[in-house]
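Remarks on the structure that follows.
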Amino acid sequence: AYERTCRYFCRETNSVVVCVGYRLAPEHPFPAQFEDCLTAATHFLRTAQDHGVNPSRVVICGDSSGGTLTAAVAQALVNRRDLPKLRAQILIYPFMQCVDLNLPSYQQNERVPILLKERTLVLGLKYLNMDLGIIKELFKGSHVSEDRRLKYQKWVNPDYIPHEFKTRGYKPSPTYLPSNEICEVAESAFDPVFSPLLAEDSVIAQLPETFILTCEFDVLRDDGLLYKKRLEDHGIKVTWCHLQDGFHG
């Protein structure tokens, strides 16, 4: 599916492009996908010169769940002293968090193909090997304990979404009490490998220069906006491209 896209990138940017054929869920449960991408990135950074590539100019890139993996790999590499630093990361409408599934973009675009709100969660739960029966509880936020809610609200907060992105409609969602049982089942959804927006400040502050692409008609739009804000708050240079008439895929 990505052969033509990768060849296009290669030709238009005059770059060497390496495409990682990582194993897929649910046959290979989370985090096998991340481990494959990290292994490939590590190997390439070590052997870049064998491929005629300057190791200080390596950029990693991905779209949608590939954007999630890109962000997670970039975070995993920040403390590696044995490898060259990444030159940049490119995140194309990435999925970044599973804390708040009622952000303005989730409300406005819940029925916009191809990534309907419910489909987003179905794919995420299959990836984590979780029971699809908890979807309604996740939409209500019953999987977020009080402690987590307090911690994450400084990063995942509709107040940080600029007003112009709320004009198509947004109403703050009611707060439901967390369910201990659901919190326990959903534990892995808060792993920064799955939700890179939840990485600690000490990691975010060391990330490379970043390009983020968001689309107006995409449930994941606000994930990109929130990550952009976090990076900029830590002085990371961000190039942001917003497609006003764009949608997921």
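- With a 6.0 Å radius and a threshold of 12 heavy atoms from other residues, nucleotides or ligands, Glu216 has its CD atom above the threshold.
- Evaluated for a salt bridge (charged side-chain N to carboxylate O under 4.0 Å, His left out) with Glu232, the options Lys229, Lys228, Arg230 yield exactly one hit, Lys228.
- Rounding to the nearest 0.5 Å places NE2 of His248 at 14.0 Å from CZ of Arg221.
- For CG of Asn180, the number of neighbouring non-hydrogen atoms (other residues, nucleotides, ligands) closer than 6.0 Å is 12 at most.
- Although no hydrogens or angles enter the test, the distance criterion places no donor-acceptor pair under 3.5 Å between the side chain of Gln75 and the main chain of Val193.
- A continuous path of hydrophobic side-chain contacts links Tyr152 to Phe139 [ILVMFWY only; heavy atoms under 4.5 Å].
- Between the CG atom of Leu220 and the CE atom of Met96 there is a distance of 10.5 Å, given to the nearest 0.5 Å.
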Requested in this report: Given side-chain contact (heavy atoms from CB on, under 4.5 Å), test Leu86 with Leu45 step by step and report yes or no.
Outcome: CA-CA 8 Å; Leu86 289 173; Leu45 284 164; 4.3 Å; yes
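- Here the OG1 atom belonging to Thr120 is positioned 10.0 Å from the CG atom belonging to Asn109, to the nearest 0.5 angstrom.
- With hydrophobic clusters built from ILVMFWY side chains whose heavy atoms lie under 4.5 angstrom apart, Ile90 does not share a cluster with Leu231.
- Between Asp223 and Pro94, every side-chain heavy-atom pair lies at or beyond the 4.5 Å cut-off.
- Shortest non-hydrogen contact noted between Cys37 and Leu69 is SG-CD1, 4.1 Å.
- Checked by atom type and distance alone, the side chain of Thr210 pairs as donor or acceptor with a backbone atom of Pro208 at under 3.5 Å.
- Heavy-atom contacts from other residues, nucleotides or ligands closer than 6.0 Å to CG of Asp159 number more than 12.
- Across all non-hydrogen atoms, the minimal contact from Leu226 to Asn157 is CD2-O, 3.7 Å.
- When the side chains of ILVMFWY residues are joined at heavy-atom separations under 4.5 Å, either directly or via intervening members, Leu101 and Leu225 end up in a single hydrophobic cluster.
- Leu91 is connected to Val78 through a chain of hydrophobic side-chain contacts under 4.5 Å among Ile, Leu, Val, Met, Phe, Trp and Tyr, so both are in one cluster.
- By the rule that hydrophobic residues join a cluster once side-chain heavy atoms approach within less than 4.5 Å of another member, Leu121 and Val112 end up as members of separate clusters.
- How far CD1 of Ile135 is from CE of Met130: 11.5 Å, rounded to the nearest 0.5 Å.
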Query - Pair Leu198-Val156, side-chain contact (heavy atoms from CB on, under 4.5 Å): steps then yes or no - result: CA-CA 8 Å; Leu198 308 182; Val156 186; 3.9 Å; yes
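- Interatomic distance, NZ of Lys85 versus OG of Ser56, reported as 13.0 Å (0.5 Å rounding).
- Distance alone, capped at 3.5 Å, places no donor-acceptor pair between the Lys140 side chain and the Pro178 backbone.
- With Arg119 contributing its side chain and Ile114 its backbone, the two residues share a donor-acceptor pair below 3.5 Å.
- Remark: side-chain polar atoms of Arg149 are paired, donor with acceptor, to backbone N or O of Val144 under 3.5 angstrom.
- For NZ of Lys154, the number of neighbouring non-hydrogen atoms (other residues, nucleotides, ligands) closer than 6.0 Å is greater than 12.
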Query raised in the report: Between Arg148 and Val99, does a side-chain contact (heavy atoms from CB on, under 4.5 Å) hold up when you go through it step by step?
Result: CA-CA 9 Å; Arg148 283 210 158 107; Val99 176; over 6 Å; no
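- Closest of all the heavy-atom pairs between His234 and Ala205 is ND1-CB, 3.8 Å.
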Query - Derivation and outcome, side-chain contact (heavy atoms from CB on, under 4.5 Å), residues Asp36 and Phe34 - result: CA-CA 5 Å; Asp36 288 353; Phe34 162 74; over 6 Å; no
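- Put simply, the side chain of Arg57 does not reach to within 4.5 Å of the side chain of Ser15, judged on heavy atoms.
- Of all non-hydrogen atoms in Thr214 and Trp240, the two that sit nearest each other are OG1-NE1, 2.9 Å.
- Residue Phe9 qualifies as open at atom CZ: its count of foreign heavy atoms under 6.0 Å is 12 or below.
- The two residues Tyr227 and Leu197 make their nearest non-hydrogen contact at CD1-CD1, 3.6 Å.
- Applying the ring pair (Phe, Tyr, Trp, His ring centres under 6.0 Å) test to pairs two or more places apart or on separate chains, those with a residue in residues 155-183 are Phe165-His242.
- Aromatic ring centres of Phe190 and His143 lie closer together than 6.0 Å.
- Ser142 contributes no side-chain N or O that, together with a main-chain N or O of Leu138, makes up a donor-acceptor pair within less than 3.5 Å.
- Sparse packing is recorded around CZ of Phe247, with 12 or fewer heavy atoms of other residues, nucleotides or ligands lying under 6.0 Å away.
- The minimum heavy-atom distance between Cys98 and Ser195, with the atom names listed, is N-OG, 3.2 Å.
- Checked against Phe44 for a side chain to side chain contact (heavy atoms under 4.5 Å, CB included), the options Asp50, Ile60, Leu83, Val58 give a single hit: Val58.
- Residue Lys237 places its NZ atom among 12 or fewer non-hydrogen atoms of other residues, nucleotides or ligands, all under 6.0 Å distant.
- Atoms OG1 and CD, from Thr68 and Gln97 in turn, are 10.5 Å apart once rounded to the nearest 0.5 Å.
- The number of heavy-atom neighbours closer than 6.0 Å to CZ of Arg7, taken from other residues, nucleotides and ligands shown, is 12 or below.
- Panel note: side chain Tyr93, backbone Gly249; a donor-acceptor pair is recorded below 3.5 Å.
- Between the Gln33 side chain and the Tyr22 main chain, no donor and acceptor come within less than 3.5 Å of each other.
- Judged by distance alone, the side chains of Asn54 and Arg87 never bring a donor and an acceptor atom under 3.5 Å apart.
- A heavy-atom distance below 4.5 Å is not found between the side chains of Ile92 and Thr70.
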